[in-house]
Amino acid sequence: MNPSGAVARIRAALPDQQARRWFRAPGRVNLIGDHTDYSGGFVLPLAIDRSCALAVHSAENVRVRSLDARDVVEVPADGSAEPRSVRPAWGRYVAGVVRELATLGRPPAGMDAVVASDVPLGAGLASSAALEVACAVALSSLAEWDPGIPALAEACRVAEETATGVPCGIMDQLASLAGRIGHALLIDCRSLERRPVALPEALGILVVHSGVSRSLDASPYAERRRECEQLARELGVPSLRDATAEQVATHPLGRHVVSENMRVLAAAEALAQGDLRSLGSLVNASHASLANDFGVSTPELDALVHVLVDAGAYGARLTGAGFGGCIVAVCDMGAAEAIAELATARYRGRTRREPTPFLCRAMDGAGPLNAPFAS
Ligand code: GLA
C-alpha cells in the first residue's frame with residue numbers, strides 16, 4: 001500500500017505545483033457501531049491512512065479536476081448551482097458542499113483544484129465523505145472561515161444526501177474531520193460529542209475488500225432508515241437510541257440498534273483495557289446482528305468474516321453500510337499478515353472473488369497537508 005499515492009499523482013500532473021496549497025481528508029473504517037448513527041446512537045470509527053488529496057489555488061469559481069474520474073466540474077463559488085443538475089455525477093458532491101457552506105455563511109472564495117484519492121470507491125470506507133470533507137476544508141481555508149467541526153460535518157452530510165438521495169448519517173464525515181492519530185473515536189451521534197480511545201499497540205486492524213463493490217443508492221439503506229424511524233414512532237420514543245432492550249425484543253431492526261449501541265460502549269471499554277479477546281467477541285456479535293437482525297450482509301461478507309476468524313482473528317465484521325464492500329478484522333499485530341494470507345486464500349477458493357487486504361493505521365482528521373514535496 002502507498003498512502004501518499006494520491007499526492008504523488010497530483011504532483012506529477014501539476015506543472016505549477018509550488019503555487020498551490022494542499023489539503024487532505026481521510027477515509028474511515030468503523031470498528032463497531034453500524035446503522036446506529038441515524039438513530040442518534042454510538043459509533044467507534046477511526047480515520048485511516050488512505051486519503052483524498054487536493055491541491056488548490058484561488059480562483060473565481062470552484063473548479064475541480066479529478067485525476068481518478070479524469071473529468072472536471074465547475075460551479076459558481078456562491079453556492080447558486082443546484083447540485084442535482086451538475087454533471088459529471090461526482091461533481092454533485094462538490095456542488096453540494098459549495099452550496100451547504102454558502103448556506104452556513106461562507107464567503108464565496110473560489111478555487112482551482114486538482115483532486116486524487118487513495119480511498120477505494122464503493123468499499124464502505126467513506127470515499128465520498130473524504131471528497132466532500134477535502135473540498136470543505138480547502139474552501140473554508142481559502143475563505144479564511146471556520147464554522148467548527150460539527151457544522152462542517154453536517155454540511156458535508158447534507159451534501160452527500162443531496163448528491164445521492166441517500167439519507168445517510170453523520171459518522172463518515174465526522175470521522176474524516178475529527179480523527180486522531182493512534183485512536184478510534186467514540187462518537188455520540190446525537191450530541192456529536194467525540195471521545196478519542198487509544199488503540200493498543202498490539203492491535204492489528206485488518207481491512208479486507210470482499211471484491212464485491214456496492215453503491216448505497218442502489219441498496220436498501222434508505223428503506224432500513226425509514227423502518228427504524230417508523231419503529232421509533234410506534235414505540236413512542238424520539239429515536240431507537242432511546243428504546244430499551246425489552247421494547248425491541250420482538251423487532252429485529254430495533255434489536256440490532258439497541259444491542260449494537262451497547263456493544264459500542266463495551267468495545268470502547270475493552271479497548272481502554274487492552275482486552276482484545278473481548279473486543280473480538282463484540283465485533284463478531286456485531287456482524288451476527290447486522291447479518292441476522294438488520295439484514296445488510298451478503299454471502300461474500302459472511303464468508304470473509306468466517307475465514308478470518310477461522311484463521312486466527314479475534315473478531316471480524318462488515319464495516320460501513322454493508323451490502324458488499326469491506327470487512328474489518330481485529331487481530332494480533334504480529335499475526336496480521338499470516339491471518340490475511342491464509343484467510344484470503346480460503347476466501348478465493350470458496351467464492352471465486354478476489355479479496356484485497358490491507359492493514360490500516362489510525363490517522364488525524366482532515367486538514368492542510370504540509371510539505372507534500374518532501375520525499
Ligand atoms: C454509511 C453511512 C453512515 C452510516 C453507515 C452505517 O457509511 O454514510 O452514515 O449510516 O453507512 O453505519
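Everything numeric in this text was worked out from a predicted model, so none of it was measured. Indexing begins at 1, ligand by ligand and atom by atom, following the structure's order.
Distance from atom 3 (C) of ligand 1 to its nearest protein heavy atom, with residue and atom name: Asp37 OD2, 3.3 Å. In terms of protein heavy-atom proximity, atom 10 (O) of ligand 1 is closest to Tyr221 OH, 2.6 Å. Closest protein heavy atom to atom 7 (O) of ligand 1: Asp172 OD2, 2.9 Å.
Between Glu223 and Arg226 there is no salt bridge, since none of the side-chain N atoms of the basic residue sits less than 4.0 Å from a carboxylate O of the acidic one. A salt bridge does not link Asp188 with Arg195: every distance from a Lys NZ or Arg NE/NH1/NH2 to an Asp or Glu carboxylate oxygen is 4.0 Å or more.
With a heavy-atom cut-off of 4.0 Å, Asp34 touches ligand 1 through backbone and side chain alike. Contacts between Arg28 and ligand 1 below 4.0 angstrom, taking non-hydrogen atoms only, involve the side chain exclusively.
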Self-check item: side chain to side chain contact (heavy atoms under 4.5 Å, CB included) assessment of Ile327 paired with Ser210
Solution: CA-CA 7 Å; Ile327 65 88; Ser210 61; 5.9 Å; no

Quiz item: Under the side chain to side chain donor-acceptor pair (under 3.5 Å) criterion, do Ser297 and Asp302 qualify, and how do the steps go?
Solution: CA-CA 7 Å; Ser297 190; Asp302 291 345; 2.6 Å; yes

Show me the side-chain donor-acceptor pairs of residues 37-45 shorter than 3.5 Å, one per line, residues at least two apart or across chains.
| residue | atom | partner | partner atom | Å |
| --- | --- | --- | --- | --- |
| Asp37 | OD2 | Ile170 | N | 3.3 |
| Asp37 | OD2 | Met171 | N | 3.1 |
| Tyr38 | OH | His35 | ND1 | 2.7 |

For residues 126-138, please give each side-chain donor-acceptor pair under 3.5 Å, one per line with the distance, not counting sequence neighbours.
| residue | atom | partner | partner atom | Å |
| --- | --- | --- | --- | --- |
| Ser128 | OG | Glu160 | OE1 | 2.9 |
| Ser128 | OG | Glu160 | OE2 | 3.1 |
| Glu132 | OE1 | Gln173 | NE2 | 3.1 |

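Between Met171 and ligand 1, no pair of N/O atoms sits closer than 3.5 Å. Of the polar atoms of Thr36, none of the N or O atoms is found under 3.5 Å from an N or O of ligand 1, judged by distance alone.
Annotation for ligand 1: atoms under 4.0 Å from non-hydrogen atoms of His35 are 6 (C), 12 (O). Of all the atoms in ligand 1, the ones that sit under 4.0 Å from a non-hydrogen atom of Tyr38 are 10 (O). Those atoms of ligand 1 that come under 4.0 Å of a heavy atom in Gly169, given as number and element, are 9 (O).
Heavy-atom minimum distance, Pro355 versus Val208: CB-CG1, 3.9 Å.
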